[in-house]
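Here is the structure we will look at, set down as structure tokens.
Residue numbers begin at 1 in each chain, while the letters A, B, ... track the order of the sequences. As a basis for the values below, the full set of heavy atoms in this structure was taken, side chains included, without hydrogen atoms, waters or symmetry mates. Here the structure is a predicted model, which is why all the values come from computation and not from measurement.
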Amino acid sequence: MPEKINQPAGPAGKEERSLNFLEEIIENDLKSGKYKSIVTRFPPEPNGYLHLGHATTICLNFGLTKTYPGYTNLRFDDTNPVTEETEYVESIKEDVKWLGFEWKNERYASDYFDQLFEYAIKLIDKGLAYVDDSTSEEMAALKGSPTEPGRDSVFRSRTIGENKDLFVRMKNGEFPDGSRTLRAKIDMAHTNMLMRDPILYRIKHAHHHRTGDKWCIYPMYDFAHGQSDSIEEITHSICTLEFVPHRELYDWLIEKLEIYPSRQYEFARKNINYTVMSKRKLLQLVTEKHVQGWDDPRMPTITGLRRRGYTAESIRDFCERAGIAKRENIADIGLLEFCVREHLNKIALRRMVVFDPLKIVITNYTGGGEVLHSENNPEDPQGGVREIPFSNEIYIERDDFMENPSKKYFRLAPGQMVRLKSAYIIKCEEVIKDADGNITQLNCTYIPDSKSGNDTSGINVKGTLHWVSLKTAISVEIREYDRLFKVEDPTDEEGDFKEYLNPDSLKIVSTALAEPSLAKAKFDDRYQFIRKGYFCLDKDTSASRVIFNRTVTLKDGWAKETKKG
RNA sequence: UGACCCAUGGUGUAAUGGUAACACAACUGAUUUUGGUUCAGUCAUUUAUGGUUCGAAUCCAUAUGGGUCAACCA
């Protein structure tokens with residue numbers, strides 16, 4: 001019978017959660033005594049930046065060894081020197097750390113090149129591998145197809161001695177790229193194409209980011225990954241569904257090499273709607289400048305999400321809630337947004353920023369102004385308060401006024417009253433327009449005894465608006481991000497996926513005015529601009545320009561209401 | 001005209017032969033100095049057909065639908 005594991009669900013208490021299929025396998029392995037502890041690994045290829053799909057894998061592999069005894073290695077699968085770079089190694093390490101995980105050992109498949117070479121010799125000695133001089137075209141022609149068996153290469157019958165001599169000479173650099181390969185001798189008629197004498201080694205006279213020019217032959221994925229797992233005594237080697245057919249070869253090689261029997265398990269990768277998640281496509285967006293870089297806040301990369309203001313906690317929470325299974329799926333980006341809102345609601349400092357300012361003069365407010373106080377976070381009683389200056393000239397949001405309001409509109413309108421957040425109730429007395437009929441200013445009166453926290457006016461108003469005082473407001477730039485694509489699954493549409501990019505995925509607001517406390521905004525702080533959304537300082541901020549990224553909007557019930565018409 | 005994998009509300013996951021559930025989304029309402037938050041509630045699910053069984057989402061068969069496999073990529 002499956003058992004429930006107790007997962008601490010915050011300080012409040014424990015929550016019961018059912019097991020996913022991998023946890024179930026592991027519990028059974030632990031219970032049966034097959035293993036006393038487990039070893040997993042996260043095996044990225046250093047040829048791109050990590051994205052949300054990797055986050056699922058990272059949370060899974062590292063999460064498993066948090067729940068169960070054991071540890072997780074970080075292993076770079078660097079067997080193709082042509083596409084791999086140190087830049088990517090560094091970014092991957094930074095992203096994993098930022099997500100909140102620690103690896104036990106930092107390893108590289110290239111650490112094992114000597115061992116792998118010995119394994120290849122062993123296979124040759126057992127008559128289970130041969131050197132093939134066929135070109136890739138010839139090899140493809142002999143490979144058959146999923147529905148037709150392949151045929152043996154003429155080189156398949158070489159002697160062990162001949163194979164060994166040739167393989168050593170391949171290693172010694174005697175042959176040009178592409179001229180020969182080492183192949184496993186399995187079965188050219190196998191129903192699994194991967195078992196039709198798969199290539200184990202190919203010749204590439206290329207500089208490797210770690211081994212330099214030591215090697216000119218490099219192992220293929222199938223002859224490196226499983227063997228690396230085995231060398232590290234990985235107990236549960238977890239990968240995505242497209243590797244299911246590789247498992248047969250994975251097991252065959254372990255058996256023939258007589259090495260530690262790591263086991264491969266596959267789960268369905270997490271796709272997310274309104275974005276793309278393949279390294280190739282993300283790279284295209286970067287190189288063709290559809291976005292500004294790997295860390296563009298619209299990118300589903302870890303670095304992009306970080307710059308956008310997503311917290312590691314919210315991403316981990318998303319992975320946990322989305323769960324894992326074996327069926328193809330497309331998760332709703334709305335769930336990620338829910339997770340980040342939930343976290344940010346607890347930690348974000350409340351501030352007031354007017355994006356599209358409309359001037360208000362409070363005609364009966366005399367004197368130079370005063371300093372009011374407002375809570376930093378209503379969700380956090382210990383969060384304290386900040387000072388906000390108030391005066392007779394302020395700005396409100398242009399959409400917070402409507403000359404001819406509908407019945408359900410409870411913001412400012414001629415003759416109507418609203419509260420200014422943490423300040424007074426005001427009433428709109430007069431609308432001032434320019435020659436073209438555009439509203440340029442509102443003249444209002446305020447209710448002196450309605451001061452926030454001290455309201456003896458007895459007046460109840462439905463709407464509360466954010467505002468900034470004219471003289472003390474600071475100018476800031478706001479970058480509002482929206483989904484990168486306008487369709488749920490851009491790869492499933494006709495034509496090129498880039499035709500479905502959302503042209504409005506970035507909107508820059510340069511007219512915004514912020515309360516003065518934001519002049520001291522910090523990179524690590526998260527902000528909620530009241531009634532607007534969650535924001536964080538962008539790295540492009542300079543002494544002359546303060547820039548905020550919108551992480552996510554607030555849930556907007558009014559927008560829904562207005563859409564209903 | 002092959003092999004392998006998969007199929008549960010709109011979405012993502014549970015239920016491991018014994019009352020189909022949780023979260024998100026959506027929708028009502030209450031509270032609210034953020035049309036936010038919070039709270040209460042509503043809606044909605046086993047691809048199909050057979051079989052085994054007292055009893056099937058679960059086991060078996062067939063069908064259907066989706067996915068993967070013919071890089072010297074991983």
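Inspection of the A:Glu379 and A:Asn377 side chains reveals no N or O donor paired with an N or O acceptor under 3.5 Å. At a cut-off of 3.5 Å, with distance as the only test, no side-chain donor of A:His343 or A:Arg316 sits close to an acceptor on the other residue.
If you take CD of A:Glu84 and P of B:C73, they are 11 Å apart, rounded to a whole angstrom. Regarding A:Glu138, its CD atom lies at a distance of 17 Å from the C1' atom of B:A70, rounded to whole Å. For A:Glu148 and B:G2, the CD to P distance is 13 Å, given to the nearest whole Å. As rounded to whole Å, 21 Å separates atom P of B:A71 from atom CZ of A:Phe223. For the pair A:Glu45 CD and B:C73 P, the computed distance is 10 Å after rounding to whole Å. The interatomic distance linking A:Lys560 (NZ) with B:G36 (C1') rounds to 12 Å, in whole Å. At whole-Å resolution of the value, CD in A:Glu266 and P in B:G67 are 19 Å apart.
Taking only side-chain nitrogens and oxygens, A:Lys555 never comes nearer than 4.0 Å to OP1 or OP2 of B:U34. At the phosphate of B:U34, neither OP1 nor OP2 sits under 4.0 Å from any side-chain N or O atom of A:Arg411. Of the side-chain N and O atoms in A:Thr135, none sit less than 4.0 angstrom from OP1 or OP2 of B:C72. Applying the 4.0 Å criterion to OP1 and OP2 of B:C24, one finds that A:Arg341 has every side-chain N and O outside that range. OP1 or OP2 of B:U13 lies within a sub-4.0 Å distance of a side-chain N or O belonging to A:Asn329.
Remark: ring of A:Trp558 overlaps the six-membered base ring of B:G35 in a stacked fashion, centroids less than 5.5 Å apart, planes less than 30° apart.
Listed nucleotides B:C6, B:U37, B:U13 differ in distance to A:Ala325; the shortest reach to its side chain belongs to B:U13. Nearest to the side-chain atoms of A:Lys143 among the listed nucleotides B:A23, B:A70, B:A14 stands B:A70.
B:U38 and B:U32 are spaced 9 Å apart, taking the C1' atom of each and rounding to whole Å. Remark: the separation of the C1' atoms in B:U52 and B:G41 is 42 Å, to the nearest Å. Nucleotides B:U68 and B:G51, compared at atom C1', are 31 Å apart to the nearest Å. Straight-line distance between the C1' atoms of B:G10 and B:A3: roughly 34 Å, to the nearest whole Å. The same atom, C1', is picked in B:C73 and in B:U64; the two are 35 Å apart, to the nearest Å. One C1' atom belongs to B:G66, the other to B:A48, and the distance between them is 15 Å to the nearest Å. Distance check on atom C1': B:C43 versus B:C27 gives 7 Å, rounded to whole Å. If you take atom C1' in B:U42 and the same atom in B:A25, they sit 14 Å apart, rounded to whole Å.
Among the protein residues, A:Thr56 comes within range of no part of the nucleic acid, since none of its heavy atoms lies under 4.0 Å from any strand. If you check every strand for non-hydrogen atoms under 4.0 Å, A:Leu554 touches a base. Nucleic acid contact for A:Lys462: none, since no nucleic acid atom lies under 4.0 Å from a heavy atom of the residue. Base contact: A:Pro378 has a heavy atom under 4.0 Å from a base atom. Note on A:Thr83: nothing from the nucleic acid sits closer than 4.0 angstrom, heavy atoms only. Using a 4.0 Å heavy-atom criterion, one finds that A:Phe243 contacts the bases of the nucleic acid, with or without backbone contacts as well. Note on A:Gly453: a base of the nucleic acid sits closer than 4.0 angstrom, heavy atoms only. Contact annotation for A:Asn273: no contact, since no heavy-atom pair falls under 4.0 Å across all strands. Using a 4.0 Å heavy-atom criterion, one finds that A:Lys279 contacts no nucleic acid atom at all. Looking at heavy-atom distances under 4.0 Å, A:Arg321 makes contact with sugar-phosphate atoms alone, never a base. If you check every strand for non-hydrogen atoms under 4.0 Å, A:Tyr201 touches nothing. Looking at heavy-atom distances under 4.0 Å, A:Ile324 makes contact with sugar-phosphate atoms alone, never a base. Residue-level contact check: A:Glu248 touches neither bases nor backbone, having no heavy atom under 4.0 Å from any strand. Counting non-hydrogen atoms under 4.0 angstrom, A:Ile330 reaches the backbone sugars and phosphates but no base.
When the shell of 6.0 Å around NZ of A:Lys204 is examined, it contains more than 12 heavy atoms from other residues, nucleotides or ligands.
One N or O on the side chain of A:Thr40 and one on the backbone of A:Asn61 form a donor-acceptor pair closer than 3.5 Å.
Across all strands shown, B:G12 is found opposite B:C22 as a Watson-Crick or G-U wobble partner, with both distances under 3.5 Å.
Taking the ring axis of A:Tyr527 as reference, the NZ or CZ atom of A:Arg351 does not stay both within 45° of it and closer than 6.0 Å to the ring centre.
Salt bridge A:Arg158/A:Asp133: present, at least one basic N to carboxylate O contact under 4.0 Å. Using a 4.0 Å cut-off between charged side-chain N and carboxylate O, A:Arg321 and A:Glu342 make a salt bridge.
Annotated as anti: B:A25, whose glycosidic dihedral deviates from 0 by more than 90°.
Exactly one residue among A:Asn73, A:Leu50, A:Leu60, A:Ile238 makes a side chain to side chain contact (heavy atoms under 4.5 Å, CB included) with A:Phe42. That residue is A:Leu50.
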